[in-house]
Amino acid sequence: MIVTTKKLFEHAYGKYAIGAYNINNAEQIIGLFKGNIKSQAPFIVQISKGARSYTSTIMLEGLIRSADAMFPEAIFAVHLDHGDEKTCYDCIESGFYSSVMIDASSESYEENVAISKRVADAAHAKGLVVEAELGQLGGVEEHVSVSESDAKLTDPDAVKDFVGKTGVDSLAVAIGTSHGAFKFSGSQSLHFDVLAEIQKRVPGFPLVMHGSSSVPQDEVERINAAGGNLKGAKGVDDNQFKRAAELGVTKINIDTDGRLVWTRVHREYFLQHPENFDLRPVGKVFMEEYANFIAAKNEKLGSAGQLEDVRKFLS
Ligand code: G3H
Ligand code: 13P
Ligand code: ZN
């Protein structure tokens, strides 16, 4: 069942965070749904502009609708990740998405406000909800590339003004994470002090953490042992997710970790089966491993075991 993120956030606020997982193909979608059912968690299917062009919007929509029919127990939202203004309008018009992210964080504050407000007005008119971003994460996103030194933490003093002027429903905040597999050159630093200040300014308002893959070291080692080269890859400690949730984070974005599962499974499989050239055996292993990964991640987010309570909350 497709629902809005707004409803999911109401249920989660202050208690747990909902996993927002980026998907690109059928194997990921099947693994995602299986993992969430296995762990009894609500979740967010997240689609980037890159995924929309890789698989095509019509194919992705078909795959997700099919998964909804295959797994009728599932409760999830369908969300555009890091949209520019035009892509947000496309998704709003499509009637398929339940929420969009407008990412104008690389613009000036005033431009970010103006663009985010235009998208929020258009989305609300059609019953969709909107996430915007204030501050800048490091790393490479869809249409923006930010070096570690240029990344800007969210200014807590600007948050209330931004939310009030734009009317957005949730806000991605920069508190020290970054996109990709190389998040920290030194030791990890999530700025919980900044997050606590933000929550004080907008109590009860849903916050979002991007760039939250944990880049498990055993995964990196296995990839490297099977011919990869990801030396120095490092991520967020997922034992900190529950603390973030208590401070108002209701959505945590994870893409890179799923890509690592895919890479490890395929590298190891073909190393161990050099004679094999069939996509299905390795695809089966990936779907199983991806489902296990999702279920374990939901335990860290606190969303595991919430499904029946969410269903009651929605009825
Ligand atoms: O934040 C960006 C996400 O990881 C999506 O990545 O644009 O390569 O699909 P992508
Ligand atoms: P990761 O690169 O840490 O998985 O972040 C994904 C993300 O923020 C998608 O919007
Ligand atoms: Zn992101």
Side-chain angles (χ1 to χ4, degrees), residues 5 17-25 28-29 32 43-57 59-60 77-84 87-88 91 97 99-106 130-146 148 151-154 170-185 188-190 207-217 219-220 223 230 232-238 240-241 244 249-264 290 293-294 296-298 300-301:
T5 45
I18 297 155
Y21 298 103
N22 289 70
I23 50 84
N24 297 270
N25 62 18
Q28 273 185 314
I29 292 170
L32 176 66
F43 61 104
I44 298 169
V45 180
Q46 194 154 256
I47 304 173
S48 71
K49 210 176 143 193
R52 282 164 58 84
S53 75
Y54 171 70
T55 317
S56 94
T57 53
M59 176 71 81
L60 277 179
V78 180
H79 177 77
L80 169 70
D81 190 28
H82 292 288
D84 53 25
T87 311
C88 283
C91 293
Y97 289 71
S99 61
V100 294
M101 176 193 188
I102 172 67
D103 182 357
S105 61
S106 61
V130 175
E131 173 186 330
E133 179 169 331
L134 186 61
Q136 261 193 300
L137 274 72
V140 179
E141 282 167 24
E142 196 71 53
H143 50 286
V144 194
S145 169
V146 187
E148 212 173 331
K152 283 194 255 10
L153 297 188
T154 304
S170 64
L171 188 67
V173 292
I175 56 162
T177 62
S178 63
H179 292 104
F182 299 86
K183 298 191 190 300
F184 305 102
S185 41
Q188 176 191 302
S189 54
L190 279 195
L207 304 172
V208 178
M209 246 168 73
H210 282 244
S212 298
S213 280
S214 58
V215 190
Q217 289 307 294
E219 202 76 288
V220 171
I223 289 170
L230 294 177
K234 212 185 269 184
V236 173
D237 177 359
D238 52 14
Q240 298 191 321
F241 287 171
V249 171
T250 50
K251 171 175 179 274
I252 292 192
N253 285 12
I254 294 160
D255 182 3
T256 296
D257 282 349
R259 295 179 186 205
L260 293 176
V261 174
W262 187 95
T263 304
R264 183 253 302 164
Y290 191 59
F293 154 75
I294 296 286
K297 193 58 82 175
N298 290 338
K300 299 285 183 181
L301 292 162

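For the single chain, residues carry numbers from 1 onward in sequence order. Just follow the structure's listing: the first ligand is 1, and inside any ligand the first atom is 1. From a predicted model like this one, the values you see are computed outputs, not experimental measurements.
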Is His82 touching ligand 1 with its side chain, its backbone, both, or neither, if touching means heavy atoms under 4.0 Å apart? side chain

Side-chain heavy-atom pair Cys91, Arg52 within 4.5 angstrom cut-off: yes

What do we get for Asn253 next to ligand 1 when only non-hydrogen atoms under 4.0 Å count, side chain, backbone, both or neither? neither

Could you see which bit of Arg259 sits under 4.0 Å from ligand 1, with heavy atoms only: side chain, backbone, both or neither? side chain

Are any of the side-chain heavy atoms of Leu301 and Phe43 separated by less than 4.5 Å? no

So if I count the atoms of ligand 1 from 1 in the order they appear, which ones are less than 4.0 Å from some heavy atom of Asp255? 3 (C), 4 (O), 5 (C), 6 (O)

Hey, is ligand 1 close enough to Asn22 that some N/O pair sits below 3.5 Å? no

With a 4.0 Å heavy-atom cut-off, what residues sit around ligand 2? Asn22, Gln46, Asp81, His82, His179, Gly180, Lys183, His210, Gly211, Ser212, Ser213, Asn253, Ile254, Asp255, Thr256

Does the side chain of Phe241 come within less than 4.5 Å of Ser212's, by heavy atoms? yes

Minimum side-chain heavy-atom gap Ser105-Lys152 below 4.5 Å: no

Answer whether the closest heavy-atom distance between the side chains of Phe293 and Ile254 falls below 4.5 Å. yes

At the Zn ion (ligand 3), NE2 of His82 and NE2 of His179 open up to roughly (10° bins) 100°

Show, in sequence, the C-alpha distance, side-chain angles and deciding distance for Leu190 and Thr177, and conclude whether the side-chain contact (heavy atoms from CB on, under 4.5 Å) test is met. CA-CA 7 Å; Leu190 279 195; Thr177 62; 3.3 Å; yes

With no hydrogens and no angle check, do the side chains of Ser48 and His82 hold a donor and an acceptor under 3.5 Å apart? no

Close-contact set for ligand 1 against Asp81 heavy atoms, below 4.0 Å: 1 (O), 2 (C), 3 (C)

Testing the 3.5 Å rule here: is there a donor-acceptor pair between the side chains of Glu133 and His210? no

Would you check the N or O atoms of Ser48, main chain and side chain alike, for any that come under 3.5 Å of an N or O of ligand 1? yes

For the Zn ion (ligand 3): the N/O/S atom of His210 at shortest distance: ND1

Report the residues that fulfil side chain to side chain contact (heavy atoms under 4.5 Å, CB included) with Ala132, sequence neighbours left out, ordered by chain and then residue number. Ile102, Ser116, Phe162, Val168, Leu171

How far apart are the closest heavy atoms of Pro216 and Asp257, and which atoms are they? CD-OD1, 3.5 Å

